[in-house]
Amino acid sequence: MSFFAQLDLSVIGPSLPFIWTGLLFTVKLTLIAMTGGIILGTLLALARLSPIAPLAMAATWYVNLMRSIPLLMVILWFFLIIPLLTGKPMGAENSAIITFTLFEAAYYSEIMRAGIQSVPRGQVMAGQAIGMTYWQTMGHVVLPQAFRNMLPILLTQTIILFQDTSLVYAIGAKDLLKAAEIAGKNYNRPIEMYIFVAFVYFVICFALSRLVKHLQSRIAIIR
Amino acid sequence: MIEINNVSKWYGQFQVLTDCSTQITKGDVVVVCGPSGSGKSTLIKCVNGLEAFQQGAIAVNGTSVGDPKTNLPKLRAHVGMVFQHFELFPHMSITENLAIGQTKVLGRSKEEAHERGLKLLDRVGLRSQADKFPGQLSGGQQQRVAIARALAMDPICMLFDEPTSALDPEMINEVLDVMVELANEGMTMMVVSHEMGFARKVADRVIFMDHGHIVEDATKEEFFGTPRSERAQQFLSKILSH
């Protein structure tokens with residue numbers, strides 16, 4: 001009997017509502033970590049490019065530290081250490097949201113740093129020359145251009161983030177993968193469930209990467 | 001209006017400006033020329049504090065530029081500047097380019113800023129381009145918009161940093177025409193440029209720089225008659241011979 005003939009895909013249907021709740025958490029985690037990560041990452045990038053040496057050094061250290069530790073370890077450490085420090089348990093899902101935001105910020109900051117540096121220096125001068133302050137120049141002139149220039153790469157990083165969220169499985173947060181695992185155990189059909197979530201991950205990531213392609217051609221600034 | 005006293009500037013070990021001094025009184029048009037690398041662009045950027053200098057003093061309308069206590073954004077808001085590469089904001093339409101400084105820096109209302117922007121576009125002959133983006137305009141048109149953007153801030157003086165040197169020859173005149181008009185209206189102008197025709201037409205004084213020094217600082221008549229320094233004579237003969 002072949003491998004495929006042994007599969008019983010009929011177990012997927014009844015598990016869908018349960019897996020849907022897992023998918024919702026995965027999407028929520030991705031969106032929050034993306035938004036928070038880009039905001040925090042942009043501030044880190046500004047700090048790294050700042051002429052204030054201690055600020056630049058602190059930001060550089062933070063980024064390098066986060067990029068030198070495997071994500072899975074950060075997830076585990078954060079989950080284990082924070083309750084010890086605060087004295088109360090935090091819950092796997094909140095812990096995951098905070099960890100991912102802090103971790104992804106390091107990667108987004110490198111992208112935003114490249115984006116900020118891609119804006120010609122003359123643009124900064126032009127902003128300053130009409131009397132804009134540092135924050136006005138950044139907010140109205142530099143960051144909008146940096147963000148546009150980097151949008152495809154920011155989205156690509158978000159696709160990676162979306163896939164990496166499956167690591168929260170390690171601390172028991174109920175994401176798409178965890179939900180599939182539980183459903184698989186319920187029906188004693190883990191292989192079918194894993195095949196199904198792999199398909200879900202693929203469809204979403206593929207759609208997002210098509211969106212990146214589409215945006216690349218649409219949002220480019222006319223120069 | 002602009003007083004530059006004994007200004008020196010270094011990039012690391014390299015001295016770009018040495019002991020530069022000059023004054024520009026209200027209503028004067030001063031053209032600064034000199035070979036590339038002579039420090040003229042650096043000097044004009046020191047005037048509104050876009051470049052820092054290590055020695056000497058610059059005052060604009062009585063406000064010291066080098067003083068750390070000076071609110072530079074506030075000072076720059078009233079000193080117009082036009083750049084060699086236009087530096088319009090490419091992600092904003094022409095009207096947005098003209099409005100952004102007025103609304104965010106001067107605190108004007110959106111409607112007022114828009115109106116003022118359109119008036120200035122009229123003046124530089126580009127009203128029809130109002131809704132386009134900088135990338136859709138020619139170099140000469142972009143530079144005229146850049147002049148309008150500076151004028152929208154109601155500047156007390158205007159700094160031009162090689163405003164025509166990035167332009168194709170046939171576009172130079174449309175920009176110079178706007179500048180001549182401004183000069184004739186009495187705007188105080190400091191212009192880094194090699195456009196000697198422009199200097200002859202409207203300049204009150206011509207400054208010649210070489211190797212970070214102000215070598216010659218003379219009235220137009222003196223400068224084009226008999227420049228005192230040999231270096232300026234050589235330079236003039238080179239750029240006027242064709």
Side-chain angles (χ1 to χ4, degrees), chain A residues 38-39 42 45-46 49-56 108 111-155 212 214-223, chain B residues 41 44-45 47-52 71-94 96-107 113 132-137 139 142 145-146 148-155 158-162 166:
Chain A
I38 289 177
I39 293 170
T42 303
L46 290 174
L49 296 169
S50 145
I52 305 162
L55 193 63
Y108 284 122
I111 298 170
M112 285 311 289
R113 187 166 69 117
I116 291 166
Q117 286 174 323
S118 75
V119 178
R121 208 177 128 55
Q123 286 285 305
V124 177
M125 287 193 168
Q128 290 175 338
I130 56 172
M132 287 187 182
T133 60
Y134 171 83
W135 287 107
Q136 286 175 328
T137 309
M138 282 299 158
H140 298 300
V141 178
V142 178
L143 290 180
Q145 293 186 61
F147 198 78
R148 271 188 183 74
N149 291 347
M150 290 297 133
L151 194 55
I153 306 177
L154 289 170
L155 265 176
V212 172
H214 177 69
L215 281 176
Q216 238 158 355
S217 55
R218 264 204 58 192
I219 55 104
I221 300 171
I222 312 158
R223 288 208 184 264
Chain B
S41 280
I44 201 171
K45 286 194 183 106
V47 172
N48 64 352
L50 287 181
E51 293 272 5
N71 183 343
L72 275 180
K74 204 176 160 195
L75 174 80
R76 290 179 186 132
H78 296 290
V79 177
M81 184 154 202
V82 174
F83 297 88
Q84 180 176 6
H85 296 289
F86 332 132
E87 302 301 351
L88 295 177
F89 306 130
H91 57 299
M92 298 178 194
S93 72
I94 300 305
E96 286 167 339
N97 264 281
L98 292 170
I100 183 94
Q102 299 185 67
T103 52
K104 301 297 173 190
V105 177
L106 300 181
K132 289 193 179 163
F133 280 78
Q136 298 168 298
L137 267 54
Q142 288 191 52
V145 173
R149 179 176 69 180
L151 291 175
M153 305 296 287
D154 294 324
M158 289 280 288
L159 309 173
F160 292 85
D161 183 13
E162 308 208 31

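Remember, it's a predicted structure, so these values are computed and weren't measured experimentally. By convention in this document, chain letters (A, B, ...) are assigned in the order of the sequence lines, proteins followed by strands, and residues within each chain are numbered from 1.
Nearest heavy atoms, B/Met153 versus A/Ile130: CE-O, 3.1 Å. Between B/Leu50 and A/Arg121, the shortest heavy-atom contact is O-NH2, 4.4 Å. Taking every heavy atom of both residues into account, A/Ala126 and B/Phe83 meet most closely at CA-CE1, 3.6 Å. Among all heavy-atom pairs drawn from B/His91 and A/Gln145, the shortest one is ND1-CG, 3.3 Å.
Neither the backbone nor the side chain of B/Glu96 comes within contact range of chain A; no heavy atoms are under 4.5 Å apart. Using a 4.5 Å cut-off between heavy atoms, B/Leu88 contacts chain A through its backbone alone, with no side-chain atom that close.
Summarising the geometry, atom NZ belonging to B/Lys74 is positioned 14.0 Å from atom OG1 belonging to A/Thr133; distances are rounded to the nearest 0.5 Å.
Taking the side chain as every heavy atom from C-beta outward, B/Pro90 and A/Gln123 approach each other to under 4.5 Å. Between B/Asn48 and A/Gln128 there is no side-chain heavy-atom pair separated by less than 4.5 Å. Under the 4.5 Å side-chain criterion, counting only non-hydrogen atoms from C-beta, A/Met125 is not in contact with B/Met81.
A donor-acceptor pair is defined here as one N or O able to donate and one able to accept, closer than 3.5 Å; no such pair exists between the side chain of B/His78 and the backbone of A/Gly131.
Across B/Gly80, B/Pro73, B/Ala150, B/Ala146, the residue that shares the most heavy-atom pairs under 4.5 angstrom with chain A is B/Pro73.
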